[in-house]
Undergrad: 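Provided herewith is a single structure, encoded as structure tokens, for subsequent inquiry.
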Amino acid sequence: MRSPEELPTVDWALLHHGLRAEATDVPARILALYGDDGERSEGAVRGLWVLTRWAEVYPATVAAIPFLAHAAVHVPRHRARLMGELVAMVGLGGAEEDRTACRALVTAEVPALLAFQDDEDPDVRRAVLTVMTLAHASGEDLWTHLAGRYEEDPDGRVRADALVALAGLAERAADGGDRTAAVRRWSAEALTDPEPQLRQAAAVLLMEEAGAPYPARLVEALAEAGTHTGRADRNTTLFVGLPDPGERQASVLDGDPEALVTVARRWIAAGDGHDLGSFQAKRLTAGWRDREDEAVDLLRGAVAYGRAPVFRTLEALLPYTRRPVDPGLAAALIPLADDAGPGSSRDARLVLGLLGDARLTRFVTEPDSEDDTDALGALAASTFRLDLWRTVLRAPYLTEENRALTLLTPAVTPQLLPELTHLLRARRHVMVAARAIGDAEAAVPETIAALTEIADEEDGTEPPGDGHGFWDVMERRHSGRDRTGNAVAAAVALARLGGPADRALALLSACPEPASFLDLVALLGPSARPLLARVEAALTSLWPAPRLAAAQAHHRLTGDPHARCVPVLLGLVREQLADDGCRAPSPTALATLAELGVTPDGIRPHLRTWADSERRILPSYGEDRCDDRLREAARAHLRLTGEG
């Protein structure tokens, strides 16, 4: 380890961290850990995220490890969190050189950190358990020590962690019969322990052994124990080389949706501490098909707590419910939507908009913020009220994710041409507006004039202050992805409206990354044949996504699916089925083959499973509904083969 006095010996300006910037701010963050200013010191700990952003380690991370280890030893108030940060760094991604150095440096600090295994702070003792598993990953057998820790530690959380770690050791032991029996005995005894954290860990281990569907008494034990614990008590310990407690519990509950619903309902009714109950509702739909209605019913019970994650999940699920949503949900939202505060009112209003509840207009008329504009856009798209749609499209706070933009269809776009033309003239959301106008094949002279003006301009860059603060501007510029694409989008729209394609072809030919514009090439159809060579070059890309887009574009350009489109699609399907880490091919590739009337022999044995499985084949979170698209594509192929 290295003391803070040695910080100047490192040339931090030559290193970078997760902000893709030189790491000259790291010494100040480390020094603040030692300071007497509690608020600043706490902020320094939180600020360490720059060293592990995107779940990766960087050269600055490697350089900081000896200093963080020194702080863990010499700053008691941050000891537990710093130990956790150090151990977590071992399992992150990044450049191989950095990952190797990171693991070696953290492992070298293990002896100094193990000195705190009997620390008076239980959080530190928990952190030391994670350090021990790092030692175990290097070959040391920890069974005896962990068994003693389980039987003797006075803190329930430490004992729970020790029990789960012992279960992991037993699973990995070559002759683990006796150890497995010991874990089974301890778990059965712990099921009635006074400490809820230990009861919870024991219930998970016994459920895992029993297999799904789980015995009701174990489900009840888990549900009851979880009402007494919070996020700080569980799901926070990282065991290197062993199953993590949080992941083990999640895996167990994912195996039995009825048990998951029971547990989620109890945890939500008990206050949904740290959103753990509502998070289970989210996991229900991520792992199982057609469970959106149940999840929304569960989340209705959590709405009154006014926490943002609940609203985010409702936002993602409501478009996919299959039966009318219980009116009690809207009733619970109204008081929150009327709240003058900036927090839950924003989220409640958006969900009211998704529900199509016109009472939203009591609180939002002329939107004066991005949040209210988003909510009114959701209401417009849910009710097809053109007056609201027009108001939203002309609002100064319109964002790219607003449903008034993302849900434009050829049916509604012609009725909104004045508003879309206004966006074009203001150079706002040009790519979305131009695409919608081209899809609808409808325009007025003013629209044509605005598109022509944009198409003739030199393409610019996204200014950092135009409402896209959530983007990593430095990363976009570093990778060369900071061009707007406005000119080419406008030129393609003009060609689709019957104008000449020359300008679009010229811009697409000059595009340095043709793969990123293959969808626009496909929209041009046969008129884009001069770009065929660039499309064919993308057919041999190392990455599946450009090959898929190129295959579709090739078909649109040539009209011959069997020349290159079908062979590439077949190759993608076979390649992904052969990959042990993939249980299904790209839903888009599969759907395209169905459109072309081609069902590869290799997928026939899988079609029924993909179409009818109760479990999701491809996990779906938020608005990523790849599994839904896989199911529909599989059903299309079954209809082709006469089995649907």
Side-chain angles (χ1 to χ4, degrees), residues 69 72-73 76 79-84 86-88 90 106-209 221 225 228-229 232-249:
V73 171
R79 184 170 292 146
R81 291 173 66 179
L82 290 174
M83 283 187 183
L86 287 167
V87 174
V90 172
V106 174
T107 302
E109 304 293 352
V110 165
L113 301 178
L114 290 179
F116 299 98
Q117 57 189 291
D118 295 316
D119 194 277
E120 63 181 14
D121 184 349
D123 287 331
V124 172
R125 298 200 302 275
R126 292 188 79 198
V128 171
L129 287 182
T130 70
V131 175
M132 286 182 180
T133 59
L134 179 58
H136 168 71
S138 301
E140 183 178 343
D141 189 353
L142 305 175
W143 179 267
T144 301
H145 181 87
L146 286 173
R149 181 62 60 189
Y150 166 71
E151 293 176 336
E152 299 171 8
D153 200 282
D155 189 87
R157 295 173 302 162
V158 178
R159 296 181 66 209
D161 284 347
L163 180 59
V164 177
L166 286 164
L169 291 178
E171 291 165 2
R172 283 157 174 72
D175 54 347
D178 292 342
R179 293 184 172 189
T180 300
V183 171
R184 186 183 302 118
R185 183 182 71 255
W186 285 326
S187 298
E189 295 169 351
L191 208 58
T192 57
D193 194 276
E195 294 287 348
Q197 299 91 347
L198 193 53
R199 296 200 303 273
Q200 184 171 347
V204 169
L205 292 173
L206 291 171
M207 289 166 70
E208 187 177 58
E209 184 178 40
H228 301 290
T229 55
D233 300 325
R234 62 187 178 200
N235 298 349
T236 56
T237 303
L238 175 67
F239 291 150
V240 178
L242 297 177
D244 188 77
E247 293 177 3
R248 188 186 286 268
Q249 177 176 287

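Computed from a predicted model, the values in this text were never measured in an experiment.
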Undergrad: Applying side-chain contact (heavy atoms from CB on, under 4.5 Å), name anything that partners Glu195, two or more places apart in sequence or on another chain.
TA: Asp193, Gln197, Leu198
Undergrad: Taking only residues two or more places apart in sequence, or in another chain, which ones meet Tyr150 in a ring pair (Phe, Tyr, Trp, His ring centres under 6.0 Å)?
TA: Trp186
Undergrad: For Val73 and Phe116, which heavy atoms make the closest approach, and how far apart are they?
TA: O-CZ, 3.8 Å
Undergrad: Looking at Asp119, Asp153, Asp161, which hits side chain to side chain donor-acceptor pair (under 3.5 Å) with Arg126?
TA: Asp161
Undergrad: Name all residues meeting the side-chain hydrogen bond (donor to acceptor under 3.5 Å, both in side chains) criterion together with Arg248; count only those two or more places apart in sequence or in a different chain, and write none if there are none.
TA: Glu171, Glu208
Undergrad: Kindly compute the distance separating CG (Leu242) from OG1 (Thr133), expressed to the nearest 0.5 Å.
TA: 6.0 Å
Undergrad: Can you measure from CZ (Arg184) to CG (Leu206) and round to the nearest 0.5 angstrom?
TA: 9.0 Å
Undergrad: Does Glu152 use its side chain to pair, donor to acceptor, with the backbone of Arg149 at less than 3.5 Å?
TA: no
Undergrad: Rounded to the nearest 0.5 Å, how far apart are CG of Leu129 and CE of Met83?
TA: 10.5 Å
Undergrad: Locate the shortest heavy-atom distance separating Pro196 from Ala225; write the atom from each residue and the value.
TA: O-CB, 3.5 Å
Undergrad: Would you check, one step at a time, whether the test side-chain contact (heavy atoms from CB on, under 4.5 Å) holds for Glu109 with Leu86?
TA: CA-CA 9 Å; Glu109 304 293 352; Leu86 287 167; 5.7 Å; no
Undergrad: Does Glu120 have more than 12 heavy atoms from other residues, nucleotides or ligands lying within 6.0 Å of its CD?
TA: no
Undergrad: For the residue pair Arg179 and Leu166, establish whether any side-chain heavy-atom pair is separated by less than 4.5 Å.
TA: no
Undergrad: Quick one: side-chain contact (heavy atoms from CB on, under 4.5 Å) partners of Arg81, sequence neighbours excluded?
TA: Glu42, Val45, Arg46
Undergrad: Is the closest side-chain heavy-atom distance between Val128 and Leu113 below 4.5 Å?
TA: no
Undergrad: Going by side-chain contact (heavy atoms from CB on, under 4.5 Å), name the residues that satisfy it together with Pro122, two or more places apart in sequence or in a different chain.
TA: Arg125, Asp155, Arg157, Val158
Undergrad: Can you list everything that forms a side-chain hydrogen bond (donor to acceptor under 3.5 Å, both in side chains) with Arg199? Sequence neighbours excluded, please.
TA: Glu224
Undergrad: Measure the CG-CG distance between Leu163 and Leu205 for me, rounded to the nearest 0.5 Å.
TA: 5.0 Å
